[in-house]
Amino acid sequence: PAARAWEGATTSAHLPADLVKRLRRAGAPMGATLFSMLFASLQITLGRLAGTGQVVLGVPTAGQALAPQNEVVGHLVNFLPIRVDFDAAEPARAHLARVADTVMAAMEHGDTTLGTLVQDLDVPRTLSRLPITEIQFNLERVPDGLTFGAARATMRANPKAAVNFDLFFNMVESRAGLRIDVDYNTALYDEATIHGWIGHLA
């Protein structure tokens, strides 16, 4: 649309624990973490769908580390755009090696805000889309059996009615495997499309 809409929704899917273990084993010889394996897989999946080898994913980093002596309380998140170009004709292993190196190097710049990058790079602004990236990726681990005294906590996705990014692939690792929660802009995507893309990713 000419002017970006913010209405959104969330859909979830699950990847079994044995697939997650296979991902870890496949990445280990190259020094690739599960984060890098999933990042590279999502990049390749979205790149093939879009017909491009240039996919930038915004990765949230913890902003609390920047606050002196933990003086700030709150949800402080900085988005770090990471781009690792790939060629769909090359082996995925080659791309994964680049991703592992680039992600490690990028995390050293976690204090650079997305707003600062947009300003310093003089990225053209438009009402129809976000600058630099419209896709966010995150991996988190949820502890199993989390308790608070006699109370036991259960973690679930929080469905969104509005979204900041057009797509947000939030992957949550637990003993049961990997839950994939995708927040999406409903002006651009529908639930069936997102479920299909999660299937391609798997």
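We number each residue from 1, following the sequence as shown.
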Locate the shortest heavy-atom distance separating [X] from [Y]; write the atom from each residue and the value.
X      : Y      : answer
Pro1   : Leu188 : CD-CD2, 3.9 Å
Asn78  : Thr112 : ND2-O, 2.9 Å
Asn164 : Trp6   : O-CZ3, 3.6 Å
Met37  : Ala32  : SD-CB, 4.2 Å
Phe148 : Ala153 : CE1-CB, 3.8 Å
Ala88  : Arg48  : O-NH2, 3.6 Å

How many angstroms lie between atom [atom1] of [X] and atom [atom2] of [Y], to the nearest 0.5 angstrom?
X      : Y      : atom1 : atom2 : answer
Lys160 : Thr11  : NZ    : OG1   : 12.5 Å
Gln54  : Leu46  : CD    : CG    : 14.0 Å
Ser12  : Ile194 : OG    : CD1   : 11.5 Å
Asp181 : Asn170 : CG    : CG    : 6.0 Å

Side chain to side chain donor-acceptor pair (under 3.5 Å) partners of Ser128, counting only residues at least two apart: Thr126
Contacts of Gln119 that satisfy side chain to side chain donor-acceptor pair (under 3.5 Å) - sequence neighbours left out: none
Contacts of type salt bridge (charged side-chain N to carboxylate O under 4.0 Å, His left out), residue Glu134, not counting sequence neighbours: Arg129
Is there a side-chain contact between [X] and [Y] (heavy atoms, below 4.5 Å)?
X      : Y      : answer
His95  : Gln43  : yes
Thr133 : Phe79  : no
Ile82  : Thr102 : yes
Glu140 : Asn138 : yes
Leu57  : Arg83  : no
Leu139 : Leu178 : yes

From Met171, Arg24, Arg141, residue fulfilling side-chain contact (heavy atoms from CB on, under 4.5 Å) relative to Leu34: Arg24
Geometric class of the Trp197/Tyr189 ring pair [parallel <30°, tilted 30-60°, perpendicular >60°]: perpendicular
Check: Thr186/Glu7 side-chain N/O donor and acceptor closer than 3.5 Å: no
Carboxylate-amine/guanidinium contact Arg98 Glu90, below 4.0 Å: yes
Distance flag, aromatic centroids of Phe165 and Tyr184, threshold under 6.0 Å: no
Leu127, CG atom: more than 12 neighbouring heavy atoms under 6.0 Å: no
